[in-house]
Structures are given as C-alpha cells and as structure tokens.
2 protein chains.
Amino acid sequence: MTRSAILDAGSDFLRTRPFRDLTVGLLMAGTEYSRPTFYLYFNDLHGLMETLLGEVKGEIVDGARAWLSNEGNAISGLQQSLAALVEVAHEHGTILKAVADAAPSDARLERVWDTFLASFDEVVSARIAQDQAAGLTPEFDPLPVARALNRMDAGVLIQAFGSVEKAEKDKVLSAIMRIWLSTLYPFDATASLERIGD
Amino acid sequence: MTRSAILDAGSDFLRTRPFRDLTVGLLMAGTEYSRPTFYLYFNDLHGLMETLLGEVKGEIVDGARAWLSNEGNAISGLQQSLAALVEVAHEHGTILKAVADAAPSDARLERVWDTFLASFDEVVSARIAQDQAAGLTPEFDPLPVARALNRMDAGVLIQAFGSVEKAEKDKVLSAIMRIWLSTLYPFDATASLERIGD
DNA sequence: AGTTGTACTGACGCCATGTCAGAAATGCAG
DNA sequence: CTGCATTTCTGACATGGCGTCAGTACAACT
C-alpha cells in the first residue's frame, strides 16, 4: 500500500523531471508520508529504480515474443516485435531513461541494467543463429551483431521517448526496422521495406 | 600547468575506476595540490569531464573524415572511418564511458554530450542523402537512420571498451561494419562483407 | 626591502543521505 | 471499552562531499 504509493510518486515525478532532480525528500513530499518512511521500503533511490525497471521489463518481454518464439514468418514476426517494442518504449520512455540515467551512479543498478540489456543479446543471438541455419540470414558471429542491434534500440528509444517531448513513433520505428531487416534478412529486405513504404 | 596535472590525474583515475567513485578530494589526492585548488580551474567534476571529452572529440572527428569527406569509394571510405572510430574508442574508451556516465547527473554536461552525438547525426545524414542521390543507397529518411546507427556505435563502443577488460577490436568492428554496410549499401554489401570475411 | 599580483589552502556552512530511538496507529483479547 | 502487542511511521541526529572565502605563501618587478 504505502510502498506502491511511493512507486507511483516516483513514476509521476519522473514523468516530468529527470532522475538527477529526484531526492528522497522531494519524492516523499509527493506522498502523505515522511522522508524516513522511504527507507522502510527501499534501500535507496536506486533500489526504487530497480523496482520500476522490473515493472517495465515484463511488458517488453511480452512484446518481443512474436519474433523470438519463432512461429510464422520471420520477417513479419520481427516487424511485429519491433512495433511492440516501440509501443512499450513510447509508453514507459521516461522510466527507461531514468533507469539508464541512474544506473551509472550505482554499482548494483548498473549491473542490473547491463544484465537487463544482455538478456536480450542472448535471445536475439539465438534467434539469429537459427535463421542462419535456415539460410534466411547471412553467416556471421551472431552475438556481437545482436549486441549492436540491441544497444541501438536502447539508445534510440531512450533518446526518442525519454523526455516529455517525444519523437514520432513511426519515424523511429521505420528507421530501426530498416536496419534490423537489412542486416538480418538482406535477401528479402528490399521487398519487405518497400511494403511498409518510406 | 596545474590545470593539466589535474586533467592527467582525472584520466588516470578513470582508467581504473568509474566516474561515480571520483570525488574532488580523491582526484586532488592524485596531485600535489589541495582540494580547493580544483575549483580554481574547474567549476565541478562535470566541468572536468567536459574538458576531457573535448580532447577526445578531435581524434574522433579526424578518424571519421575518410568517409565523410567523400573522396574515393564510398564503401571503403566507410570501412576506413569505422576502423578508425574503433581504434580511437579502444584508446579512450574509459574517458568516453566516464563522460557518458557523468552526463545524466548534470544538465549542462548532458547537453554537451547530446550535442556531441547529434553533431555526428547531421554529417552522417548528409552523407547518406548524397549516396541516395547517387543511387548507392536506397531511399529513406536519412536522419533517423543516421541517429540509430550513431547511437549503436556509441552504445557498442562504450560497452566494449569502457572498462578495464576490453573486448576484441576485430569482433566489434566487424559487427558494426556489417550493420552499416548492409543498411547503407545493400546492393554491394554482400561482396564487401565477404571480402572482409567472418 | 617593499609592493603588487598570483597561486594556493584551512576552515566553514550547506544539503542530502541513511539511521535509530521512540511515538502513533492498528488490531485483538478480555 | 480497555489494556497490550505489533506494526507503521517520524523527529532528530551523525556523516560526508560540496562549493566558498578570507587569508597565507610565494614570485616578480621596482
């Protein structure tokens, strides 16, 4: 109860102001509780961010399923997954930026964030290897490419949707879509990219 | 004199420890001066980071020239520029990570960092437009794609070379090279990528 | 030797943090 | 409704890094 009131106050704060402006005092001023109460439910502000990230993580994993659990066409699955990813990032962009901002100032949170990103490297890499075996994707070392594509997504999405003035979803989507498709499915990419237009 | 002693102490510190561990006291303990002396030459630690970034920026811009000032083959120019970029990032990775880490905790430095990244978006975007006019590159809105590719570079390079245990240069290079090439020069990409092998 | 200017430092106030002893509030047995 | 136990909360404190300022040490020039 109290705990989720604090989490809500945190989300609300970060919707309009950056993580660097967040203090325990300000945070708790957004609730009906006093400053020390915060420490009953979280170790520090970074602990709060860790919890907020956990909430968003679920949605992202769900959205990515279309491509990762490979049923149906690879290309359209990827298109679906990226679209879902953009959707979630647009929704929770401020939280994602806040976590990314907070991470470097705390060893533990930095680990959590890195692990979060690395978890996608694993699964994307696996899916690439599979498509390579199927002859859909050229041969190359999948892991570094997966890492690069994921870092791209993270950087782009946080930059585009991390603050109040958000970029246009469709421009962002078609840019990263193009890069994923031409890297992973170059043989079919031309057709697919023409289909979505530019 | 004193000023560059401080800068050196900063670089040295960041070579082995993250920005979050840097305090003015620790920094100046690495020099023969006292803590207040720091404030004679810099406003705060973020000001120091701004200066360090300025030093690295020059090298990066130099390295990128091969492709950006378009003389000769576009593909080999891009290959050269990316190789140079990886080289510089490998050299100064800890500084780049430290600046990226420090940026979100200071409004001014965040602006500097964003502007730094955005400056590459501009020139890359311009070069893409040119290659599109020449028929080398498919038609698409260049700016969002340039942004995405640049964020990828930043994310990958900082992750790969930001801490003491650095990743292998060639793996990193061939991954980002593949993505740039298949996105910008898909017609010739197959040949070029085979040439560098995997 | 005296004066001016520059480079430096000791000591201070400030602010956010995280803790702890104790105060309210809540629930429950008689 | 009363006394008691347990949970929830808070006022007050110590800590540590920050940024400042008055004042010292030192060099250079007259």
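Here is how names work: the chains are called A, B, and so on, in the same order as the sequence lines, proteins then strands, and each is numbered from 1.
- Extent of DNA chain C lying under 4.0 Å from chain B heavy atoms, first and last nucleotide in 5' to 3' order, is C/dC8 to C/dG10.
- Screening residues 59-70 of chain A for salt bridge (Lys or Arg N to Asp or Glu O under 4.0 Å), with sequence neighbours left out, gives A/D62-A/R65.
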Please list every donor-acceptor pair under 3.5 Å in which a side-chain atom of residues 41-49 of chain A meets a protein atom from a residue at least two apart or in another chain.
unit_1, atom_1, unit_2, atom_2, d
A/D44, OD1, A/H46, N, 3.1
A/D44, OD1, A/G47, N, 2.8
A/H46, NE2, A/S105, OG, 2.9

Counting only pairs under 3.5 Å, give me each side-chain donor-acceptor contact of residues 142-153 of chain B, with atom names and distances, residues two or more places apart or in other chains.
unit_1, atom_1, unit_2, atom_2, d
B/N150, ND2, B/F120, O, 3.4
B/N150, ND2, B/D121, OD1, 2.9
B/N150, ND2, B/A146, O, 3.3
B/D153, OD1, B/W180, NE1, 3.0
B/D153, OD2, B/W180, NE1, 3.4

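- For DNA chain D, the outermost nucleotides in 5' to 3' order that have an atom under 4.0 Å from a heavy atom of chain B are D/dC18 to D/dT20.
- B/T37 comes within contact range of at least one nucleobase, with a heavy-atom separation under 4.0 Å.
- For the ring-ring contact (aromatic ring centres under 6.0 Å, His included) test, no residue two or more places apart in sequence or in another chain qualifies with B/H92.
- The side-chain heavy atoms of A/F38 and A/T2, taken from C-beta on, include no pair separated by under 4.5 Å.
- For residues 13-22 of chain B, proximity to DNA chain C is found at no residue, defined as any non-hydrogen atom under 4.0 angstrom from a strand atom.
- Rounded to 10°, the angle separating the first-five-pair axis and the last-five-pair axis of the helix from C/dA1-D/dT30 to C/dG30-D/dC1 equals 10°.
- Residues satisfying the salt bridge (charged side-chain N to carboxylate O under 4.0 Å, His left out) criterion with A/R35, sequence neighbours excluded, are absent altogether.
- Nucleic acid contact for B/Y41: sugar-phosphate only, since backbone atoms but no base atoms lie under 4.0 Å from a heavy atom of the residue.
- Residues of residues 42-53 of chain A having a heavy atom closer than 4.0 Å to DNA chain D: none are found.
- Evaluation of the salt bridge (Lys or Arg N to Asp or Glu O under 4.0 Å) test over residues 67-85 of chain A, restricted to residues two or more places apart or in two chains, returns none.
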Would you mind writing out the side-chain donor-acceptor pairs for residues 82-90 of chain A within the sub-3.5 Å range, not counting sequence neighbours?
unit_1, atom_1, unit_2, atom_2, d
A/E87, OE1, A/K169, NZ, 3.4
A/E87, OE2, A/K169, NZ, 3.0

